[in-house]
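Here is the naming used below: chain letters follow the sequence lines, and residue numbers restart at 1 for every chain.
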2 protein chains.
Amino acid sequence: MTQAPSTPPSADTQDGPLPRQRRTYSIGELARMFEVTTRTIRFYEQEGLLAPERRGQTRIYDEKDRVRLKLTLRGKRLGFSLAEIREVVMMYDAMPDGNRRQLQRLLEILANKRRNMERQLEDIRLMQLEIDDVERRARDVLDGLHD
Amino acid sequence: MTQAPSTPPSADTQDGPLPRQRRTYSIGELARMFEVTTRTIRFYEQEGLLAPERRGQTRIYDEKDRVRLKLTLRGKRLGFSLAEIREVVMMYDAMPDGNRRQLQRLLEILANKRRNMERQLEDIRLMQLEIDDVERRARDVLDGLHD
DNA sequence: GTCTAGCTTGACGTTAACGTAAAGTGCTTG
DNA sequence: CAAGCACTTTACGTTAACGTCAAGCTAGAC
């Protein structure tokens, strides 16, 4: 429950115009931030989705890591497996020097995900209609129950 | 691969205005229809999501069962657990004589699912933007690769 | 110092959602 | 009637995604 930023002032010399966005996070911070456990975050690293630096033994996460975690969790909420997410993330990272086949494969995957999401959109639309219907009926029954 | 409706003509007497929608399905038909295995369908029954009639030992599915399976699979695609789906489905079935607390609970669950789906919609929107971005970059790199 | 909070690795446990194999039943088709 | 196919039950196996200890390191607070 205690919130303490991982980098307290530390009264260093040199606090000029430091690269503004160079903030870092501890594993616990990220865990609270996204409401997952530290175990989860370490597991994602083990699965190749994150690769934080180390200060000695301790993991240090930067902005890029945070974004990756965010995207990963979003992917999860949409039902993608960690393996799928990793595939895209890794290809994205290797993009600048990716060869043609890799890039073509990436485009395929993206097209797939797009189709997947189109379907999900449709599913959501339909499911919302169903829910509307069920709710309406439930309310009707409730109204009929004026004791 | 062979498709044969479960109720071949059977050359019975009496083929007048039979209750038009009284069609039934075998487990294999449903499986092919929704591209799941029969194991899956039996599993759903075991989990209380389906309750087909029996002709002897064999399961006979009617239109209502088919719809249930459809809704179940849609729910799955949206990331709901079988337990969640069952809860809604069972309450829906028990509705006419459901007591007030049950119905209130149902409304809660529905509100929850609604929130869930709102979030999914947002996730999809964001994810689509990400994908657009990644795809654009991939294409840029590909274009730069004119050998 | 020593105490605490938060970090580490390692390893086994757990749950959901099926897969898969074995062995038997029942219809219909040549 | 024998073959074949779709169906049945039983039961153990599998995979993903973590949970849950255990045991130990480390940096700052008192």
Side-chain angles (χ1 to χ4, degrees), chain A residues 1-12 24-61 65 69 71-87 89, chain B residues 1-12 24-61 65 69 71-87 89:
Chain A
M1 295 285 187
T2 57
Q3 292 162 292
S6 69
T7 48
S10 85
D12 234 14
T24 65
Y25 308 87
S26 76
I27 192 170
E29 275 183 289
L30 283 187
R32 281 186 302 270
M33 185 174 292
F34 291 108
E35 301 190 292
V36 297
T37 67
T38 59
R39 175 70 177 90
T40 298
I41 296 180
R42 286 196 200 96
F43 179 71
Y44 289 173
E45 176 176 349
Q46 175 183 321
E47 293 300 300
L49 285 165
L50 295 173
E53 287 171 27
R54 295 287 184 126
R55 183 179 207 77
Q57 197 175 221
T58 305
R59 292 167 172 83
I60 305 287
Y61 300 86
D65 294 319
L69 179 54
L71 294 181
T72 298
L73 293 174
R74 183 180 299 155
K76 279 229 58 185
R77 283 197 302 271
L78 293 179
F80 298 125
S81 75
L82 294 186
E84 294 177 293
I85 296 171
R86 177 182 43 203
E87 197 171 10
V89 162
Chain B
M1 293 288 187
T2 58
Q3 290 162 296
S6 67
T7 48
S10 85
D12 234 13
T24 63
Y25 310 86
S26 76
I27 192 169
E29 274 183 287
L30 282 187
R32 279 185 304 269
M33 185 174 292
F34 292 107
E35 303 190 291
V36 297
T37 68
T38 59
R39 175 69 177 91
T40 297
I41 296 180
R42 288 195 200 97
F43 180 72
Y44 288 173
E45 175 176 351
Q46 176 183 321
E47 293 299 301
L49 285 165
L50 295 172
E53 287 170 28
R54 295 286 187 127
R55 182 176 207 79
Q57 197 176 220
T58 306
R59 293 166 172 83
I60 306 286
Y61 299 86
D65 293 320
L69 179 54
L71 294 182
T72 298
L73 294 175
R74 184 180 298 156
K76 279 228 57 187
R77 283 197 302 271
L78 293 179
F80 298 125
S81 75
L82 294 184
E84 293 177 293
I85 295 172
R86 176 182 46 203
E87 198 171 9
V89 162

Every protein N/O lying under 3.5 Å from an N/O of nucleotides 9-12 of chain C:
{"residue": "C:dT9", "atom": "OP1", "partner": "A:R54", "partner atom": "NH1", "Å": "3.2"}
{"residue": "C:dT9", "atom": "OP1", "partner": "A:R54", "partner atom": "NH2", "Å": "2.8"}
{"residue": "C:dT9", "atom": "OP1", "partner": "A:R59", "partner atom": "NH2", "Å": "3.3"}
{"residue": "C:dT9", "atom": "OP2", "partner": "A:R59", "partner atom": "NH1", "Å": "2.8"}
{"residue": "C:dT9", "atom": "OP2", "partner": "A:R59", "partner atom": "NH2", "Å": "2.6"}

* To do: Check DNA chain C against residues 75-85 of chain B and give the residues with a non-hydrogen atom under 4.0 Å, in numerical order.
  =>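 Heavy-atom cutoff 4.0 Å gives B:K76, B:S81, B:L82.
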Would you kindly give the [atom1]-to-[atom2] distance between [X] and [N], to the nearest whole Å?
X     : N      : atom1 : atom2 : value
B:I41 : C:dA17 : CD1   : P     : 16 Å
A:I27 : C:dG6  : CD1   : P     : 13 Å
A:F43 : D:dT20 : CZ    : P     : 15 Å
A:L50 : C:dT8  : CG    : P     : 12 Å
A:E53 : C:dT8  : CD    : C1'   : 18 Å
B:R55 : C:dT25 : CZ    : C1'   : 16 Å
B:E87 : C:dA16 : CD    : P     : 14 Å
A:I60 : D:dA27 : CD1   : C1'   : 12 Å

* Run the side-chain contact (heavy atoms from CB on, under 4.5 Å) check on A:E45 and A:Y61 step by step: do they pass? -> CA-CA 11 Å; A:E45 176 176 349; A:Y61 300 86; 4.1 Å; yes
Can a side chain N or O of [X] be found less than 4.0 Å away from OP1 or OP2 on [N]?
X     : N      : value
A:S26 : C:dC7  : yes
A:T37 : D:dC18 : no
A:T38 : C:dC7  : no
B:T58 : C:dT25 : no
B:Y44 : C:dA17 : no

* side-chain contact (heavy atoms from CB on, under 4.5 Å) between B:V36 and B:L73: does it pass, once the steps are laid out? -> CA-CA 9 Å; B:V36 297; B:L73 294 175; 4.0 Å; yes
Interatomic spacing from [atom1] in [X] to [atom2] in [Y] - rounded to 0.5 Å:
X     : Y     : atom1 : atom2 : value
B:I27 : B:E29 : CD1   : CD    : 11.5 Å
A:L82 : A:F43 : CG    : CZ    : 6.0 Å
A:E53 : A:I60 : CD    : CD1   : 8.0 Å

* **Considering all heavy atoms, the nearest B:D65-B:P52 contact** =>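 That closest heavy-atom pairing would be OD2-CA, 3.8 Å.
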* Derivation and outcome, side-chain contact (heavy atoms from CB on, under 4.5 Å), residues A:T72 and A:R86 -> CA-CA 8 Å; A:T72 298; A:R86 177 182 43 203; over 6 Å; no
* Asked: Please walk me through it: do A:L69 and A:L30 pass side-chain contact (heavy atoms from CB on, under 4.5 Å)?
  -> CA-CA 9 Å; A:L69 179 54; A:L30 283 187; 4.2 Å; yes
* List in chain and number order the residues that pass salt bridge (Lys or Arg N to Asp or Glu O under 4.0 Å) with B:R39, two or more places apart in sequence or in another chain; answer none if no residue qualifies. =>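 Salt bridge (Lys or Arg N to Asp or Glu O under 4.0 Å) check on B:R39 returns nothing, list empty.
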